Novice: 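Before I ask anything, here is the structure I am working with.
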Amino acid sequence: MTTFKGGAVPRVGITGGIGSGKTMVCRIFQETLGIPVFNADIRAKELINSDPELRRGIVAIFGAQAYDETGQYHRAYVASIAFSQPEKLAALNALVHPAVEKASLEWHMEQIRAGAAYTLKEAALLVESGSHKHLDFMIVVSAPEDVRVQRVMQRDGLSEDQVRSRMRGQLPESEKLALADFVILNDGNHLLLPQIWHIHQQITAKLQS
Ligand code: ATP
């Protein structure tokens, strides 16, 4: 029987640039095919608030103001410092990424026990964080940059400059595509469901080999 980095069943990563449609694609995997999805960005936000070790580390880097008087993470404050001091951003990432990886692996093991055929880990910075190295396969959701900009402007009510500035914090799509095992083209002209079904078939075929 094939064994995977994720043990008995594969861990599959899903990434793509801002506005590529990762969340939309994951919803289809989850709701249509019953594949469980771990959203690394959501989990990171939860852990930053709830994990005492992470809180201590963040306060050591950014000071007590990193959390407000109610104990909630002061995201805008931390972002304003991290934006201008790259070494602090690197230190923050060095704390958060391993904590999320640990949570994601524990979650994956639970899903195996619950009978999952494989699991999906959705992360905007899957490659940037290095966590793709712990995964068996990587799916990249691809869409032209201008389409992505328009989608995020509409979804988040941001200006074009704001979206493009966020994009500059991510690797170019071409570098992610070079590492992809599977690509989903979500440009608005290609149907998602047949592409997702084809990838699902290829992953499940590997379970039998
Ligand atoms: P982020 O990295 O910012 O979290 P994402 O890659 O998860 O983004 P989504 O949130 O899934 O992207 O999609 C971005 C926006 O574009 C959403 O409002 C979504 O509804 C819309 N969208 C995604 N794909 C399509 C599509 N094929 N047709 C129309 N709208 C789409």
Side-chain angles (χ1 to χ4, degrees), residues 1-44 97-98 100-148 150-152 155 167 170-209:
M1 200 178 94
T2 316
T3 51
F4 300 95
K5 289 181 194 168
V9 311
R11 291 175 85 189
V12 181
I14 183 157
T15 191
I18 181 169
S20 56
K22 297 177 289 298
T23 302
M24 183 176 256
V25 165
C26 283
R27 200 173 306 140
I28 299 174
F29 269 101
Q30 192 155 32
E31 289 175 10
T32 312
L33 300 169
I35 302 303
V37 178
F38 179 96
N39 185 312
D41 304 326
I42 293 176
R43 192 72 184 113
H97 291 320
V100 175
E101 170 55 22
K102 181 169 170 273
S104 136
L105 186 58
E106 285 167 4
W107 171 88
H108 173 78
M109 294 305 171
E110 280 165 28
Q111 303 309 314
I112 294 182
R113 288 192 287 276
Y118 60 94
T119 67
L120 275 179
K121 178 180 181 181
E122 175 190 354
L125 302 180
L126 199 67
V127 176
E128 292 86 339
S129 67
S131 61
H132 65 297
K133 295 183 192 135
H134 304 292
L135 302 167
D136 296 289
F137 307 109
M138 187 165 81
I139 301 170
V140 174
V141 183
S142 168
E145 190 169 304
D146 288 345
V147 172
R148 296 195 282 117
Q150 286 304 319
R151 284 180 186 158
V152 178
R155 185 193 61 188
M167 278 179 167
Q170 302 186 337
L171 276 179
E173 189 186 74
S174 56
E175 291 188 37
K176 294 176 185 174
L177 288 172
L179 295 168
D181 297 290
F182 307 104
V183 176
I184 293 175
L185 182 56
N186 182 28
D187 59 358
N189 296 318
H190 291 78
L191 290 175
L192 288 175
L193 204 51
Q195 299 183 71
I196 290 170
W197 178 245
H198 185 59
I199 292 171
H200 176 73
Q201 296 282 315
Q202 287 177 273
I203 296 173
T204 48
K206 291 179 195 291
L207 298 172
Q208 278 116 44
S209 61

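Sequential numbering from 1 along the given sequence is applied to the chain's residues. All values reported here derive from a predicted model rather than from experimental measurement.
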Novice: Does Leu177 reach the side chain of Ser142, with side-chain heavy atoms less than 4.5 Å apart?
Specialist: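 Yes, their side chains come closer than 4.5 Å.
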Novice: From Ser104 OG over to Met109 CE, what is the distance, rounded to the nearest 0.5 angstrom?
Specialist: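 Between Ser104 OG and Met109 CE, I get 9.5 Å after rounding to 0.5 Å.
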Novice: What about His200 and Tyr118, are their ring centers closer than 6.0 Å?
Specialist: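 When the ring centroids of His200 and Tyr118 are compared, they turn out to be within the sub-6.0 Å range.
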Novice: Taking all non-hydrogen atoms of both residues, which atom of Leu207 and which atom of Ala117 are closest, and how far apart?
Specialist: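 So the two residues come closest at CD1-O, 3.6 Å.
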Novice: List in chain and number order the residues that pass side chain to side chain contact (heavy atoms under 4.5 Å, CB included) with Leu126, two or more places apart in sequence or in another chain; answer none if no residue qualifies.
Specialist: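 So Leu126 forms a side chain to side chain contact (heavy atoms under 4.5 Å, CB included) with Thr15, Lys121, Ala123, Ser131, His132, Leu135, Met138.
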Novice: Locate the shortest heavy-atom distance separating Leu192 from Met24; write the atom from each residue and the value.
Specialist: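 Minimum heavy-atom contact is CD1-SD, 4.2 Å.
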Novice: How long is the straight-line distance from CG of Asp136 back to OG1 of Thr3, given to the nearest 0.5 Å?
Specialist: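 Spacing of OG1 (Thr3) from CG (Asp136) equals 9.0 Å.
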Novice: Hey, which of His97, Gln170, Lys176 is the one that makes side chain to side chain donor-acceptor pair (under 3.5 Å) with Glu128?
Specialist: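 Of all the options given, the one that passes is Lys176.
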Novice: Is there a side-chain contact between Val12 and Phe29 in this structure, where contact means two heavy atoms from C-beta onward sitting under 4.5 Å apart?
Specialist: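 They are not in contact (no side-chain heavy atoms under 4.5 Å apart), so the answer is no.
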Novice: Arg11 and Glu101: salt bridge (Lys or Arg N to Asp or Glu O under 4.0 Å), yes or no, with the steps?
Specialist: CA-CA 12 Å; Arg11 291 175 85 189; Glu101 170 55 22; 3.0 Å; yes
Novice: Could you check whether any side-chain N or O of Gln195 sits under 3.5 Å from a backbone N or O of Leu191, counting only pairs where one atom can act as donor and the other as acceptor?
Specialist: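 The answer is yes, because a donor-acceptor pair under 3.5 Å joins these two groups.
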Novice: Can you tell me how far CD of Glu173 sits from CD of Glu175, rounded to the nearest 0.5 angstrom?
Specialist: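 Glu175 atom CD to Glu173 atom CD measures 11.5 Å (nearest 0.5 Å).
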Novice: Is it the case that more than 12 heavy atoms not belonging to Lys133 sit under 6.0 Å from its NZ atom?
Specialist: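 Result for NZ/Lys133: open.
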Novice: Taking C-beta and beyond as the side chain, do Leu33 and Trp197 meet within less than 4.5 Å on heavy atoms?
Specialist: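 Leu33 vs Trp197: side chains touch.
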Novice: Are Lys5 and His134 close enough that some pair of their side-chain heavy atoms sits under 4.5 Å apart?
Specialist: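 A side-chain contact under 4.5 Å is absent here.
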Novice: Suppose we screen for side chain to side chain donor-acceptor pair (under 3.5 Å). Which residues come up paired with Ser20, at least two apart in sequence or across chains?
Specialist: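 Partners of Ser20 under the side chain to side chain donor-acceptor pair (under 3.5 Å) test: none.
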Novice: Between Ile199 and Ile184, does a side chain to side chain contact (heavy atoms under 4.5 Å, CB included) hold up when you go through it step by step?
Specialist: CA-CA 9 Å; Ile199 292 171; Ile184 293 175; 3.4 Å; yes
Novice: Using 0.5 Å steps for rounding, measure from the CD1 atom of Ile35 to the CG atom of Leu120.
Specialist: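 Output value for this atom pair is 7.0 Å.
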Novice: Of all the heavy-atom pairs spanning Asp187 and Pro144, show the shortest one and how long it is.
Specialist: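 Heavy atoms only, the tightest pair is CB-CD, 3.7 Å.
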Novice: What distance separates Ile28 CD1 from Leu193 CG, expressed to the nearest 0.5 Å?
Specialist: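 Nearest 0.5 Å value for the CD1-CG distance: 6.0 Å.
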Novice: Does Arg43 pair with Glu106 as a salt bridge, N-O distance under 4.0 Å?
Specialist: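 No salt bridge links Arg43 with Glu106.
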Novice: Between Phe137 and Pro10, what is the shortest heavy-atom contact and its length?
Specialist: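 For Phe137 and Pro10, the tightest heavy-atom pair comes out as CE1-CB, 3.9 Å.
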Novice: Lys22: what forms a salt bridge (charged side-chain N to carboxylate O under 4.0 Å, His left out) with it, not counting sequence neighbours?
Specialist: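 None.
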Novice: Measuring only between side-chain heavy atoms, which start at C-beta, is Ile139 closer than 4.5 Å to Val183?
Specialist: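 Side-chain contact under 4.5 Å: no.
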Novice: From His108 NE2 over to Phe4 CZ, what is the distance, rounded to the nearest 0.5 angstrom?
Specialist: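 Separation between the atoms: 9.5 Å.
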Novice: Which of parallel (below 30°), tilted (30 to 60°) and perpendicular (above 60°) describes Trp107 and Phe38?
Specialist: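 It falls in the tilted class, 30° to 60°.
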Novice: So which heavy atom on Gln30 is nearest to which on Val37, and how close?
Specialist: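 Scanning both residues completely, I find the closest heavy atoms to be NE2-N, 3.8 Å.
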Novice: Looking at every non-hydrogen atom in both residues, tell me the closest pair between Ile18 and Arg148 and how far apart they are.
Specialist: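 In terms of heavy atoms, the two residues are closest at O-NH1, 3.1 Å.
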